[in-house]
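Working notes for the structure below.
Both counts, for ligands and for their atoms, begin at 1 and track the order of listing. Values reported hereafter were calculated over all heavy atoms of this structure, with side chains retained and with hydrogens, waters and symmetry mates removed. Residues: numbered from 1 along the sequence shown.
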Amino acid sequence: MRATDAAGGETVRETAEYQHAKLRVEELRSQIAYHDHRYFVLDSPEISDADYDRLIVELRELEERHPELITPDSPTQRVGGAPVETFGIVEHRVPLLSLANAFSGEQLRAWHARASRLIERSDFAMVCEPKIDGLACALVYEDGSLVTAATRGDGMRGENITVNVRTIRSVPSALRDKGQGTRGKGQGARDKGQGARDKGKGNGDLPARFEVRGEIYMTKSGFERVNAERGEAGEPLFASPRNSAAGSVRQKDSRVTASRPLDAFWYQLGWWEAGGGTREARGGKREVGGGIWRSPGTHWEALGWLRDLGFKVNPNIQRFTSLDEVIGFCEGWVEKRESLDYEIDGIVIKVDDLGLQRQMGAVGREPRWAIAYKFPPTQATTKLLQIAVNVGRTGTLNPFAILEPVHVGGAKVQMATLHNEDDIRRKDIRVGDMVIVQRAGDVIPQVVGPVLSLRVPGTRRFSMPKRCPSCKTEVVRNEGEAAYYCPNRQCPEQRTRLLEHFVGRGAMDIEGIGEQLARLLMARGLVRDGADLYGLKDRREELIGIERLGAKSVDNVLANIEASKRRPLARVLVALGIRHVGGEVATALAQQFGGMDALMSATAEQIAELPGIGLVIGESVAEFFSRAENREMVERLRSAGVNLVEARGAAREGPLSGLTFVVTGRLERLSRNEAESLIKAHGGAVGSSVTKKTDYVVAGAEPGSKLAKAEALGTAVLDEGGFLGLLAERGISV
Ligand code: IVH
């Protein structure tokens, strides 16, 4: 009844609405902060993206109606505001130190011995942490709110990147859920525990101000995505995730930063201030804002405290007292680092006790209480001498780089793959360029891209040769495909590659025939294809004459060839080198058709009907067997006695081999059928009831008596997330 309201009534009503909005805004921020933590820090969201978006939309609407309620730490401000002209300078209250490096276990021992002499004991605990390859950042919190984020700079003064760091979703803007205590002690602290959590510590409050240090990084997958987009837009590519992260936080327009896949791990409590003066984190009790804040006595405890407050602390940290274990941990990560979606360039080892840290002090910029064990680098810069092209077994032309030799990741590299012409042109890699070469684990080294600032004049864009480098036949390119082909099926290079493939691991697996011998056998006319290998036993004497092959090696190779006759049908199908037929497809074909003859007489459509096969594969298989020379090769395999039928009932091999699962209850992401097919497809067995032989029970909603049985037998029970985690751990993508 508005008409009768006096002006004063209007104000009262506005105030009531305002009060209501204020409360709701606070409630929404606290809910969003909670879900951000679940999603970005714990990787375990509780609500759908759509529901999350609804919270954001509601908050934004309320803030639009009441702009005075907007605070810099509101989640709506994370998306990036107006461009800032320049970055201010932040003086670090306590300098950000750097680290001395160790490149071997021996050097770690030397560091440990020096440290032990200094403090006159050697039984001290150490914390090992992945050394994240990003850029260091220091955050300052005041009364639980993020007030400054700064780069390391020269260690004394850094750049103010607060606006940009606010766009990183896992960085908590506010540590208190006002009215509900700190988030760490609310919902966050109840989430799944990780190593460094210090349960029940009972800190009374937060220090009035404190600093947290860590590393901002870009994920490897995010980096690939950003570069692909930049490539498409014709923009220069970033050389590495680290460069990309550094470039992203220094953006003048924080909307650009917000669009980049940045994240951060926090690894140190810098200084803290109880209200009186600045202290480095060194243990002890302080009166803080009416409560008692007990500062941590160890680094491990500090990390647990940070994690409880909602900071993302690396889950792979570990605490040891034995140096041998520390060295084992460091060496273990040399290979394992490839499994992470972010780059690490070493392991940081820190003395755990903060009192001992203080006792040990620093030499110049490097603390004596910490050291970085550095991995051999995986990237290096070198000169691209030539782009050569080889021919694959299906006739594809594969360009590769010939490089000035360089050490990368502990190995000498002088060749690297270049994928295809489009990729080379997209990255604008030119002969004569200085290029970045990358090695990851056992993978063939790759050329990441050119260092454009080092390009010399006179370089030219790359074009594929018009003729096959082996047989000089004119090359072709199918519409919509990136690769060029040599269409000549008699091309000697193609045939050699096909022979190498035939004897390879996933195919007939004949040990003793490598690239060199395959080439020799071809060149001497001893074989034309894989089937001819089975006739070699009649040419033993000729073989013994071949370069450096003794009688013993020849007999070994011949025995291996004989043994390969018993390989399962799927392996034979792989060995034939039919386009698009790898291990998975071959297994499906072998199981469905049961034998080579049935498959050879099937039409493309019949093959395509099989689950997961489709017409492209169907046509490729049918086309292969329509060719006289291929049918004739199969006949030669048959007369040599090679197995061409599927052994029925044979269990599939796979990452779940030897494991029996029972799936029960209603799953969310997969149907029960899908879960069971996945298990079977990867070598596992599916049981209908829980017995002592059951390894895992996968239990969805309303699991019923099977769950009770599993519990009674002590069988491992996985929820859907746990099951998907197990699959992911074993390299099975869903
Ligand atoms: S501790 C005195 N811990 O490595 C302690 N640093 O080479 C100094 N870094 O500037 C830092 N991960 O940017 C520490 N878990 C970690 C780290 C780490 C990456 C970086 C940091 C530092 C550089 C020193």
Can you sort out which atoms of ligand 1 are near Leu97, meaning under 4.0 Å from one of its heavy atoms? 2 (C), 8 (C)
Suppose I only count heavy atoms of Glu129 and a 4.0 Å limit; which atoms of ligand 1 are within that range? 3 (N), 15 (N), 16 (C)
For this output row, return yes or no: ring centroids of Phe210 and Trp305 closer than 6.0 angstrom. yes
Counting each atom of ligand 1 from 1 as listed, which ones have a heavy atom of Pro130 under 4.0 Å away? 12 (N), 15 (N)
I need the minimum non-hydrogen distance between Ser244 and Phe223, along with the two atoms involved. CB-CD1, 3.9 Å
Are a donor atom and an acceptor atom from the side chains of Ser322 and Asp324 found within less than 3.5 Å of each other? no
Can you check which of Trp369, Tyr217, Tyr267, Phe265 brings a heavy atom nearest to atom 14 (C) of ligand 1? Tyr267
Test: Glu159 and Arg250 ion pair at under 4.0 Å: yes
What closest approach, in Å, do Pro296 and Leu354 show between heavy atoms, and which atom pair accounts for it? O-CD1, 3.4 Å
For ligand 1, is there an N or O atom under 3.5 Å from any N or O atom of Pro367? no
Closest approach of Arg29 and Ile70, non-hydrogen atoms and distance? NH2-CA, 3.9 Å
Does Asp341 come within less than 4.0 Å of Lys220, counting only side-chain N to carboxylate O? no
So if I count the atoms of ligand 1 from 1 in the order they appear, which ones are less than 4.0 Å from some heavy atom of Arg152? 10 (O)
Compute both the distance and the angle, then confirm whether Lys374 meets the cation-pi test with Phe103: under 6.0 Å from the six-membered ring centre, within 45 degrees of the axis. no
Which bit of Ala372 is near ligand 1, meaning a heavy atom under 4.0 Å away: side chain, backbone, both or neither? neither
I'd like to check which ligand 1 atoms, numbered from 1 as shown, lie under 4.0 Å from a non-hydrogen atom of Ala136. 13 (O)
Could you identify the single nearest non-hydrogen protein atom to atom 12 (N) of ligand 1 and state the distance to 0.1 Å? Ile132 N, 3.0 Å
Heavy-atom proximity to atom 24 (C) of ligand 1, picking from Asp345, Thr151, Leu99, points to Leu99
Would you mind checking which non-hydrogen protein atom is closest to atom 9 (N) of ligand 1, with the distance to 0.1 Å? Glu215 OE1, 3.5 Å
If you measure every N/O of Ser98 against every N/O of ligand 1, is any gap under 3.5 Å? no
Would you mind finding which of Lys350, Gln268, Arg213, Lys131 brings a heavy atom closest to atom 3 (N) of ligand 1? Lys350
Output every pair passing side-chain hydrogen bond (donor to acceptor under 3.5 Å, both in side chains) with a member in residues 118-140, not counting sequence neighbours, ordered by first then second residue. Arg121-Asp123, Glu129-His299, Glu129-Lys350, Asp133-Arg242
